[in-house]
Asker: 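Here it is, the structure in full.
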Amino acid sequence: MENHNLNEKQKKAVEFEGQHLLVLAGAGTGKTRCIVGRAAYLIEQGVPPDKIQILTFTKRSANEIVERVKASLSSNQAQSLNGSTFHSWCNQLLVRYPNLFGASGYTVIDPDDQLSVMKMVCGDQIIEYKGIRIKPQQLIDIYSYGRNTRQNLSHAIRELVYKGRVDDETTDEIDIIRPKIEVLLKAYQTKKGEGRYIDYDDLLLIVANRLRNDAQAREILSEQIKHLLIDEFQDTNPLQWFLLEPFLQIAKFYCVGDDAQSIYSFRGADFKNVHLFKSRVPDSEVMILDKNYRSTQEILDLSNWLIDQSPLDYNKQLVAARGQGQLPKLINVGSQWEEANFIAEHILENFTEKNKQFTDHLILSKSSYYTKPLQAVFIQKKIPYVTYGGRKFMEAAHIKDVIAALRVVNNHLDEIGWMRFLTFWDGIGEVKAGKYIAKLVSYDNPLQCAQNLADVIGGVEGETISDIYNTIYLNSGNVKVALQEAYSRMEKSLAFKYRKDWEEKRKSDFPVLEMLGDNYASIGQLISEGILENAKQLNGEPVLEGSQLSTSEIKDHVIISTVHSAKGLEAEVCYVLNVSPKVYPSAWNLGSEEKIEEDRRVLYVALTRAKNELLITRDTNSISTVHKTNAAGFSSNYFLEELPKHLTEQLVNPYTLGKPRDISKPNDLDLSFGMDFS
DNA sequence: TTATTCACATTTTTT
DNA sequence: ATGTGAATAA
């Protein structure tokens, strides 16, 4: 049982008897263990599991925590324990209490759909002022940032459009463009209402507002929720706090977090909320865990050094309970290819000669984009891997095409869905579709749509579209069948539309989609919960997370993850990719100390994932660039610029010979030999 | 009005 | 390398 492995401080935290607690726990000090232990402890103390709600930021960590709680208890004690993300939790509440929140027949829209709505609203209007052009995407960003930080529009504009500049000129400009933006944002809100769309932020806001304004609502929920266990508390933003605050009267809060691992400020998170905890939460206590059980001291020395370089004070010096190990290694590479090759060879060597499994390896990258050459090399060398982070299964264009067909049956007012579904067909563009949609949304219900669809559109397309709509309508009770029927009727067109990579990539997603659909009781559930659900990729193949449905049987695999998706992960051997100047920190973050410091925390999170071996790769090209820049008198800010020699071991890439042969093309022929120009 | 093509830019990070 | 946006052809 997990509880028995707890140290004294952890045990004290797990068995906390007061009202509200914040556990400030550094990386690897047992944050997850603490939350798992707490849940198990409460259940053992007789708290019904369904009165405990665990909140996390990713579906994966929610699942993992729940699984670990279950594993630590005997029999099915924790069967009804709930673990979810903030968003899916709110969605569950909306589904469970439709009358309480006044939400039914809605469609949850993802950021892509948000953009579509905003584009509709904007039409061909463009906000332009003094060379600053604000596009629909930026309007969405402003809107979301404002709501997540619970700051006013001017502030959001200042942060996002003017990079947080505070001067009179900027203020004047904001005063001029603000009303224009305001008009569009309000139009967006109206449109959302008409389509019964709920965006991610709405999920939280609907629940929060109701609870704040309605004592009866609080009373109902207070029966349901006695304990809130909140993971990664340093990443909660003002909107999430706005949601949580009313629960202070209802439930006991048990929060764990680490200010040095706050990496979500782009979503409005402010790690200072952990410092404010005691003053904001009456009757609360704070406990600190600082003994690291994950890594060897050398890895922590490097991490400690990094965070110590920061002008901010995190009060953090992690001490390894496990003692000494090997020095982290620093490898200079000449290109992404070389980097990928080095890692692949190193992993293969570990696998074949050192008796390690693929699972023992974790590769961390700041952006999922940067991970592509690596995936190419892994496929080539047949190294099994999964990726965390990056494009979600449900966000892929071909999946959204089929989902759109189901969306319009579920909610015939869904103009975004109609637009996607109708323009999918040859010969129907935005204009025609717009005209059809105007008619379709004037009907009272989907049945009327089903009956009139063929006439509204007319022709062969009308027949096809109507046929699909009606089939889905008739099968709306069985999501899997509805998906199958829709897909079989759309397959030909899909194959044509995506002919470039249909066979290789996209076709195989549909069996997975059908399996996914099988998990949901209704179309509505699929499009709200399914959209919030993560799926991961296994060697390019989509796999449903946390389910037995995976199409592949390979269990032993390397994990490639973005740092953001890697919170809570750990591995024997960790590779941190591309720790180069202009990346750590990002070139586009120079100028904002806050953003630079956030990048520092990102690197800190990455470094502290490693248990025994830490390998850091960096690009020699950008290193030389920086030295040039320095010569020109600019400071580089590169985090490893002044890295003390004794903290790492510099390693020469031993595998450089493994580079692909076909690098030189015919016109690269070097004819400069045989002549001495001295 | 729609479909295709070409040039261009453009890269966090997540729900 | 990929996707978006604008220009052009059908």
Side-chain angles (χ1 to χ4, degrees), chain A residues 55-62 84-91 108-115 119 124 126 133 135-137 140-141 144-145 147-148 198-205 232 235-237 239-240 243 261-269 336-337 364-373 375-376 388-392 394-397 422-435 461 496-497 499-501 505 528-535 561-567 577-578 582-589 592 595-596 598-599 601-603 605-606:
Chain A
L55 287 177
T56 64
F57 283 84
T58 64
K59 189 97 186 169
R60 181 176 339 111
S61 46
S84 27
T85 62
F86 279 83
H87 297 267
S88 72
W89 179 48
C90 288
N91 190 47
V108 176
I109 55 171
D110 71 7
D112 253 27
D113 299 328
Q114 274 186 287
L115 182 59
K119 277 183 179 164
D124 41 21
I126 299 163
R133 238 176 125 185
K135 291 190 250 172
Q137 181 60 61
I140 294 288
D141 293 344
S144 180
Y145 185 86
R147 300 211 300 170
N148 274 287
I198 291 182
D199 65 30
Y200 286 178
D201 302 332
D202 289 324
L203 287 168
L204 307 201
L205 277 164
E232 308 288 4
D235 285 327
T236 51
N237 64 30
L239 172 57
Q240 281 146 349
L243 167 71
Q261 293 186 65
S262 169
I263 52 177
Y264 280 88
S265 75
F266 63 90
R267 209 171 56 185
Q336 285 192 43
W337 261 89
L364 295 155
S365 169
K366 195 172 179 186
S367 75
S368 47
Y369 166 79
Y370 192 81
T371 243
K372 288 202 160 174
Q375 297 191 35
Y388 289 169
R391 197 162 241 88
K392 304 292 170 335
M394 293 288 275
E395 284 167 7
L422 296 179
T423 55
F424 173 78
W425 304 98
D426 253 14
I428 301 178
E430 269 181 39
V431 178
K432 276 190 193 169
K435 285 177 190 158
E461 294 87 29
F496 179 74
K497 183 174 174 186
R499 67 201 99 103
K500 280 158 272 130
D501 50 8
K505 287 189 168 160
S528 55
E529 286 171 39
I531 278 172
L532 297 171
E533 183 111 17
N534 270 334
S561 175
T562 61
V563 180
H564 285 82
S565 304
K567 283 235 218 133
L577 284 192
N578 198 21
K582 299 187 175 176
V583 179
Y584 290 99
S586 296
W588 51 84
N589 281 348
S592 157
K595 288 188 170 158
I596 292 176
E598 173 137 322
D599 276 346
R601 293 191 294 268
V602 169
L603 183 55
V605 170

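Here is how names work: the chains are called A, B, and so on, in the same order as the sequence lines, proteins then strands, and each is numbered from 1.
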Asker: Going through the checks in order, is the side chain to side chain contact (heavy atoms under 4.5 Å, CB included) test met by A/D112 and A/L115?
Answerer: CA-CA 5 Å; A/D112 253 27; A/L115 182 59; 5.5 Å; no
Asker: State which residues pass salt bridge (Lys or Arg N to Asp or Glu O under 4.0 Å) with A/R267; sequence neighbours excluded, sorted by chain then number.
Answerer: none
Asker: For each nucleotide in nucleotides 1-8 of chain B, reading 5' to 3', give B when a protein heavy atom comes within less than 4.0 Å of its base, S when such contact involves only the sugar-phosphate, and - otherwise.
Answerer: SSS-----
Asker: What's the OH-P distance between A/Y370 and C/dT2, to the nearest Å?
Answerer: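 Rounded to whole Å, this separation is 17 Å.
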Asker: Measure the distance between the ring centre of A/F266 and the centre of the six-membered base ring of B/dT14, then answer whether it is under 5.5 Å with planes under 30°.
Answerer: no
Asker: Between B/dT15 atom P and A/D202 atom CG, what is the distance in whole Å?
Answerer: 18 Å
Asker: With respect to the phosphate group of B/dT13, does any side-chain polar atom (N or O) of A/S368 fall under 4.0 Å of OP1 or OP2?
Answerer: yes
Asker: For residues A/H564 and A/I263, determine if any side-chain heavy atom of one lies less than 4.5 Å from a side-chain heavy atom of the other.
Answerer: yes
Asker: Base, sugar-phosphate, or nothing: which does A/F86 touch, judged by heavy atoms less than 4.0 Å apart?
Answerer: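 Result for A/F86 = nothing.
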Asker: A/T562 side chain N/O closer than 4.0 Å to the phosphate oxygens (OP1, OP2) of B/dT12?
Answerer: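 Checking A/T562 against B/dT12: no side-chain N or O falls below 4.0 Å of OP1 or OP2.
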Asker: So does A/D199 get a backbone contact from the side chain of A/D202, meaning a donor-acceptor N/O pair under 3.5 Å?
Answerer: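 Judged by distance alone, yes, a pair lies under 3.5 Å.
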Asker: How many whole angstroms separate atom NZ of A/K497 from atom P of C/dG3?
Answerer: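 It is 13 Å, rounded to the nearest whole Å.
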Asker: What's A/Y264 touching, base or sugar-phosphate or nothing? Going by heavy atoms closer than 4.0 Å.
Answerer: sugar-phosphate
Asker: Is A/T85 touching bases, backbone alone, or none of the nucleic acid, heavy atoms closer than 4.0 Å?
Answerer: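 Sugar-phosphate contact only.
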Asker: Expressed in angstrom and rounded to an integer, what is the separation of A/N578 atom CG from B/dT13 atom P?
Answerer: 13 Å
Asker: Atom CD1 of A/I263 and atom P of B/dT12: how far apart are they, to the nearest Å?
Answerer: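 Those two atoms, CD1 and P, are 16 Å apart.
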Asker: List in chain and number order the residues that pass ring-ring contact (aromatic ring centres under 6.0 Å, His included) with A/Y584, two or more places apart in sequence or in another chain; answer none if no residue qualifies.
Answerer: none
Asker: Rounded to whole Å, please give me the gap between CG in A/D110 and C1' in B/dT15.
Answerer: 10 Å
Asker: Find the distance A/Q114:CD to B/dT14:C1' and express it as a whole number of Å.
Answerer: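 Those two atoms, CD and C1', are 13 Å apart.
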Asker: Rounded to the nearest angstrom, tell me the gap between atom CD in A/Q137 and atom C1' in B/dT12.
Answerer: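 About 14 Å, once rounded to whole Å.
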Asker: Among B/dT12, C/dG5, B/dT15, which nucleotide sits nearest the side chain of A/K366?
Answerer: B/dT12
Asker: On a whole-Å scale, what distance lies between the C1' atoms belonging to B/dT12 and C/dG5?
Answerer: 23 Å
Asker: Should we count CD of A/E430 as having more than 12 external heavy atoms under 6.0 Å?
Answerer: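 For A/E430, atom CD is not crowded (no more than 12 foreign heavy atoms under 6.0 Å).
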Asker: Closer than 4.0 angstrom, basic N to acidic O: yes or no for A/K595 and A/E598?
Answerer: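 Between A/E598 and A/K595 there is no salt bridge, as every charged N stays at least 4.0 Å from the carboxylate O atoms.
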